**Student:** 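Have a look at this one before I ask anything.
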Amino acid sequence: MNASNNAAAFLPFTRPAIDEETIAGVAEVLRSGWITSGPQVKSFEQALSAHCGGRPVRAYNSGTAALEVALRVAGIGPGDEVITTPLSWVSTASVILQVGARPVFADIDPVTRNIDLDLAERAVTKKTRAIIPVHLAGLPLDLDKLYAMAGRHKLRVIEDAAQAYGAMWKGKPIGAQGDLVMFSFHANKNVTCAEGGCLVMGDEREVPLAEKLRLMGVTRTGEDGMDVDVAGGKYNLTDVAARIGVGQLKRTEEFTARRRALAKRYFDRFDRKPGCELPPADFENSCWHMFQVVLPPSMPRATFIARMRGHGIGIGVHYPAIHLFTLFRNLGWKDGDFPQAERIGRSIATLPLFPAMADEDVDRVCTAAAAVLDQH
Ligand SMILES: *Cc1c(COP(=O)(O)O)cnc(C)c1O
């Protein structure tokens, strides 16, 4: 049936787990006569809100759209600076440019691979209005330290929690506390609706703008009233996608538990070659979106990927340092600006980790990785 039952089958680094109940539910939506934003989006938002301590949640057609809306809701635009990490998916920094503001990067902590909050604080200027930290691989940042720092400098916080649905901080889910929190439901994330995202808000008063910005700024009143007072995006989620999400949310705890168990097995079985860096062994807060190792300097990542593919194993790259992309180099960033993000961005490798994986799949990855690293 699936790859885990067949040792010879290719093992991808991730694969979504969509159950038959969800597939039947999607078919029902398709037959219902209402396929774009409607009752399924409302149900999805309600379930998300329940997970996030009852806070208001609005859904979007991507996490990127939700991040951009968050910046606009916070009133960030030209002349403003926003501090973020250079080690993330490019969306995290691109949205800052999209709203006309200036990204300011601060290097990462090489152990957690998340933004180093001391360096972030040193990057604060008179123009700094917000910080977008990322809970990379589902490992939360220290929220107490983050919000204390933001408070000292009166910064808005937009948590890029794209990879952190199901992660915890001090016994509460990520999203149930804090300022603005974005989740992504892209196909590779821990819970998915193929493409989608949401914004959790700490302040009810910001909900109407967050809602307007996802549908061209339109507000409707009465039977036929329509007005537009702000230029919005076309960022609404479809009911087809939302129904996938509804099916996924019921399984969040099961998914997270399985990911944690597989991560534990990686710690037991992965042969720590000299120079190989494993992630922090956190089994309390992290939702284990990815299991990433930093390869020894002597092992080029491209070689590792090609040889692992030879063993029938898919390896992911998440991510090269953002500031070294052409778009950002053209804005003045260069090699050497953020040494930790650059080093890790060059040599980080994502090993297979998804809920339907068998324990033996982890063993197979570890055996292959040991062989590939030994060869070197
Ligand atoms: C996936 C992801 C995003 C963007 O989410 P989309 O839904 O793909 O737009 C942003 N930041 C991080 C860290 C991500 O992993």
Side-chain angles (χ1 to χ4, degrees), residues 13-16 41 44-45 48 57-72 82-99 103 105-106 108-109 112-115 130-141 146 157-167 174-175 180-200 213-214 233-238 240-242 244-245 248-249 259 279 286-292 316-323 325 327-328 341 344-345 348 350 353-354:
F13 74 81
T14 192
R15 192 192 311 129
V41 169
F44 188 43
E45 288 173 341
L48 290 164
V57 179
R58 291 298 177 270
Y60 299 84
N61 58 14
S62 73
T64 306
L67 266 187
E68 186 185 323
V69 167
L71 283 164
R72 293 191 62 187
V82 179
I83 295 172
T84 193
T85 170
L87 194 73
S88 181
W89 172 235
V90 65
S91 295
T92 311
S94 274
V95 291
I96 300 169
L97 296 173
Q98 289 288 358
V99 302
F105 297 106
I108 57 164
D109 169 341
T112 64
R113 301 154 185 174
N114 286 327
I115 194 168
I131 176 166
I132 309 184
V134 177
H135 305 303
L136 197 71
L139 178 70
L141 220 76
L146 168 67
V157 177
I158 300 167
E159 291 177 46
D160 179 338
Q163 305 182 357
Y165 196 82
I174 292 296
L180 295 160
V181 183
M182 175 279 270
F183 293 110
S184 164
F185 307 113
H186 171 266
N188 285 355
K189 302 304 199 279
N190 285 26
V191 299
T192 183
C193 49
E195 295 284 359
C198 77
L199 187 61
V200 189
L213 288 175
R214 75 178 164 185
K234 183 67 172 70
Y235 296 155
N236 56 303
L237 187 70
T238 70
V240 177
I244 304 174
Q248 293 271 290
L249 291 184
R259 285 174 175 277
S286 177
C287 65
W288 287 101
H289 173 59
M290 298 188 280
F291 193 95
Q292 299 178 288
V317 174
H318 308 93
Y319 302 94
I322 294 173
H323 67 285
F325 289 136
L327 171 66
F328 294 88
I344 292 177
I348 197 164
T350 305
L353 181 65
F354 53 91

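Everything numeric here is computed off the predicted structure, so don't read it as measured data. Counting convention: from 1, in listed order, for ligands and their atoms alike.
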**Student:** Using 30° and 60° as the class boundaries, would you call the ring planes of Y319 and W89 parallel, tilted or perpendicular?
**Tutor:**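 Ring orientation of Y319 relative to W89: tilted.
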**Student:** Angle between ring planes, H323 versus F105, binned at 30° and 60°: parallel, tilted or perpendicular?
**Tutor:** tilted
**Student:** I need the H289 NE2 to L136 CG distance, nearest 0.5 Å.
**Tutor:**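 Rounded to the nearest 0.5 Å, the NE2-CG separation comes to 8.5 Å.
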**Student:** Are there any N/O pairs under 3.5 Å between ligand 1 and the protein, and if so, what are their distances?
**Tutor:**
{"unit_1": "ligand 1", "atom_1": "5 (O)", "unit_2": "S184", "atom_2": "OG", "d": "3.2"}
{"unit_1": "ligand 1", "atom_1": "7 (O)", "unit_2": "G63", "atom_2": "N", "d": "2.8"}
{"unit_1": "ligand 1", "atom_1": "7 (O)", "unit_2": "S184", "atom_2": "OG", "d": "2.7"}
{"unit_1": "ligand 1", "atom_1": "9 (O)", "unit_2": "G63", "atom_2": "N", "d": "3.3"}
{"unit_1": "ligand 1", "atom_1": "9 (O)", "unit_2": "T64", "atom_2": "N", "d": "2.8"}
{"unit_1": "ligand 1", "atom_1": "9 (O)", "unit_2": "T64", "atom_2": "OG1", "d": "2.5"}
{"unit_1": "ligand 1", "atom_1": "11 (N)", "unit_2": "D160", "atom_2": "OD1", "d": "3.3"}
{"unit_1": "ligand 1", "atom_1": "11 (N)", "unit_2": "D160", "atom_2": "OD2", "d": "2.7"}
{"unit_1": "ligand 1", "atom_1": "15 (O)", "unit_2": "Q163", "atom_2": "NE2", "d": "2.8"}
{"unit_1": "ligand 1", "atom_1": "15 (O)", "unit_2": "K189", "atom_2": "NZ", "d": "3.1"}
{"unit_1": "ligand 1", "atom_1": "15 (O)", "unit_2": "Y319", "atom_2": "OH", "d": "3.3"}

**Student:** For a quick check under 3.5 Å, do Y60 and E68 share a side-chain donor-acceptor pair by atom type?
**Tutor:**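 Per modelled atom types, Y60 and E68 side chains form no pair under 3.5 Å.
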**Student:** Got a sec, which residues hit salt bridge (charged side-chain N to carboxylate O under 4.0 Å, His left out) with E195, two or more places apart in sequence or on another chain?
**Tutor:**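 In terms of salt bridge (charged side-chain N to carboxylate O under 4.0 Å, His left out), with neighbours along the sequence ignored, E195 is linked to no residue.
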**Student:** Pick out which of V157, N114, T85 makes a side-chain contact (heavy atoms from CB on, under 4.5 Å) with P133.
**Tutor:** V157
